[in-house]
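One structure is given below, encoded as structure tokens.
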Protein chains: 2
Amino acid sequence: MAMIGSRAPRPRRKRPDRYHHGDLRRALVQEAVRTIQRHGVEGLTLRAVGQALGVSRTALYRHFADKSALLAAVAREGFRTLRLELVDAWERGGRGPEAFDAMSVAYVRFAVTHPSHYRVMFGGFVDARAADPDLREEAGAAFHVLVDALVAQQQNGLVRGDEPSQLARFIWAIVHGVAMLAIDGQLQRQDADAEDLIRYAADRIRSGIGIPGH
Amino acid sequence: MAMIGSRAPRPRRKRPDRYHHGDLRRALVQEAVRTIQRHGVEGLTLRAVGQALGVSRTALYRHFADKSALLAAVAREGFRTLRLELVDAWERGGRGPEAFDAMSVAYVRFAVTHPSHYRVMFGGFVDARAADPDLREEAGAAFHVLVDALVAQQQNGLVRGDEPSQLARFIWAIVHGVAMLAIDGQLQRQDADAEDLIRYAADRIRSGIGIPGH
DNA sequence: ACCTGAACACCGTTCAAGT
DNA sequence: ACCTGAACACCGTTCAAGT
């Protein structure tokens with residue numbers, strides 16, 4: 001019936017007639033990320049991923065329970081990248097108030113630059129409540145960068161002394177909201193308006209969470 | 001090959017051997033909404049929708065170009081309901097500052113109560129940039145309820161005189177962010193924590209957008 | 001106009017079999 | 001251990017044909 005792979009000379013990345021050599025698991029995640037960035041989440045098929053790697057379409061099941069497990073790995077990879085970019089923005093910005101703004105910008109930029117990847121992380125494809133521990137930990141680590149930055153600001157007397165997690169959830173909701181609106185096309189010019197909005201938001205946040213009369 | 005529908009006595013809602021009577025289009029949207037609320041977006045199949053209505057699985061194509069057009073209609077219905085609930089909160093709250101908080105709570109409650117419906121509205125299933133005019137208009141109308149409320153607050157001298165649309169986008173991003181975090185399971189106890197967070201956010205927003213020294 | 005039924009070109013997943 | 005290929009039970013969509 002299906003003639004996939006039996007038709008004509010099709011392009012191969014690796015040697016066509018050998019088992020996959022090294023770390024297939026990693027290769028699968030990378031290929032999935034690439035496919036998602038190009039064709040969106042709904043454009044991801046396990047068959048195409050296997051084919052791109054020169055591997056049977058069921059080879060994947062040696063490494064992942066099912067498609068949603070592969071998506072969970074993609075999400076985890078996304079949280080890792082996001083965390084690294086947040087840390088980078090915080091440290092390059094000098095760990096002060098401007099660094100805090102830079103983190104917000106970096107967050108939204110990550111989402112706008114990798115919209116489909118971002119959707120896998122937050123679009124309900126994986127349920128955070130039921131997610132595997134690795135994913136939860138990676139998501140938690142990204143969140144913690146924000147909490148740490150807030151605590152530092154509190155210690156410098158720049159931010160009111162509310163419970164840091166609650167404060168962090170509030171900030172997170174804002175940057176997350178801006179990011180979602182941007183990639184959903186609810187803002188007119190995706191990149192520019194998102195940048196405007198997040199900078200405006202940063203100003204408003206500062207009045208909202210700062211020490212009164214400071 | 002496929003034996004769907006040719007097997008045994010299956011339950012029907014309407015008379016089994018007649019054309020669908022009235023407004024099939026409306027019935028399709030309603031059934032889609034119901035299915036989505038019960039089984040999520042990924043659980044929606046055109047075949048099941050048709051079957052539930054006692055209609056062929058291709059009858060739908062008389063009223064919608066394809067599945068995504070049906071989803072757009074579902075999204076539109078969602079924006080309509082959301083708008084009505086926002087207006088209700090604003091008016092029942094007395095159109096003052098407390099009414100403004102009530103709107104935020106109503107927004108998040110809508111999302112938490114109808115998570116799948118909310119995802120259809122914002123989850124990338126329909127592209128807002130390319131959406132049909134009806135959908136864009138309905139979404140715009142919901143947004144405008146917020147803008148109007150902000151302008152009223154500005155006229156009462158309770159909110160700083162920034163450009164109302166920008167101010168509204170900022171608020172929208174916050175409530176949208178809280179709503180998304182809640183239905184994504186990123187908050188521990190979905191309902192209670194979302195309620196807490198949105199009330200905390202309302203306090204912080206008030207300091208952030210209020211007139212300084214007022 | 002509106003609906004039907006068969007057919008088409010896809011999916012994810014399972015499983016016995018190969019190396 | 002790791003991979004394959006056929007098979008299964010689904011999808012959305014098209015289209016000639018019916019009323």
Geometric class of the A/F122/A/W172 ring pair [parallel <30°, tilted 30-60°, perpendicular >60°]: perpendicular
Nearest whole Å is fine: how far is C/dT4 P from B/R57 CZ? 11 Å
Taken to the nearest whole Å, CG/A/D66 to P/C/dC11 is 18 Å
Can you give me the dot-bracket string for DNA chain D, 5' to 3', counting Watson-Crick and G-U wobble pairs with both distances under 3.5 Å, using [ ] for crossing pairs and | for partners on another strand? ||.|||||...|||||.||
In whole Å, what is the span from the CZ atom of B/F64 to the P atom of D/dT13? 13 Å
Between A/D23 and A/R25, does a salt bridge (Lys or Arg N to Asp or Glu O under 4.0 Å) hold up when you go through it step by step? CA-CA 5 Å; A/D23 192 346; A/R25 192 195 145 89; over 6 Å; no
Provide, to the nearest angstrom, the distance between the CG atom belonging to B/L53 and the P atom belonging to C/dC3. 10 Å
Could you check whether any side-chain N or O of B/K67 sits under 3.5 Å from a backbone N or O of B/L44, counting only pairs where one atom can act as donor and the other as acceptor? yes
How is A/L44 classified with respect to the nucleic acid when contacts are heavy atoms under 4.0 Å: base, sugar-phosphate, or nothing? sugar-phosphate
Is the backbone of A/L84 close enough, under 3.5 Å, to the side chain of A/D88 for a donor and an acceptor to pair up by distance? no
Could you tell me how far apart B/L46 (CG) and D/dG12 (P) are, to the nearest whole angstrom? 4 Å
Minimum-distance nucleotide to B/Y61 side chain [options: D/dC2, C/dT4, D/dG12]: D/dG12
For the backbone of B/D134 and the side chain of B/D132, can you confirm whether one donor and one acceptor N or O come within less than 3.5 Å of each other? yes
Check whether any side-chain N or O of B/R57 sits under 3.5 Å from a backbone N or O of B/L46 as a donor-acceptor pair, and report yes or no. no
Which of the following nucleotides, D/dC3, D/dT13, C/dT13, is nearest to the side chain of B/K67? D/dT13
Can you see whether B/D162 engages A/Y200 through a side-chain donor-acceptor pair at a distance of less than 3.5 angstrom? yes
Within the structure shown, what part of the strands sits under 4.0 Å from B/L70 by heavy-atom distance: base, sugar-phosphate, or nothing? nothing
For DNA chain C, which residues of residues 118-130 of chain A approach it to below 4.0 angstrom with any heavy atom? none
Distance, rounded to the nearest Å, where B/Q51 contributes CD and D/dC10 contributes P: 12 Å
Mapping B/T45 and B/R62 to their closest nucleotides on DNA chain D, which lands nearer the 5' end? B/T45
Rounded to the Å, how far apart are B/E42 CD and C/dG12 P? 15 Å
Using a heavy-atom cut-off of under 4.0 Å over every strand shown, decide if A/T58 touches base, sugar-phosphate, or nothing. base
Spacing of A/M103 atom CE and A/L146 atom CG [to the nearest 0.5 Å]: 5.0 Å
Within less than 4.0 Å of OP1 or OP2 of C/dC3, is there a side-chain N or O belonging to B/H63? yes
Can you sort out the partners of B/Q166 under side-chain hydrogen bond (donor to acceptor under 3.5 Å, both in side chains), two or more places apart, ordered by chain and number? B/R169
Atom CG of A/L60 and atom C1' of D/dC2: how far apart are they, to the nearest Å? 13 Å
For A/G208, does its backbone N or O pair with a side-chain atom of B/R204 as donor and acceptor, under 3.5 Å? yes
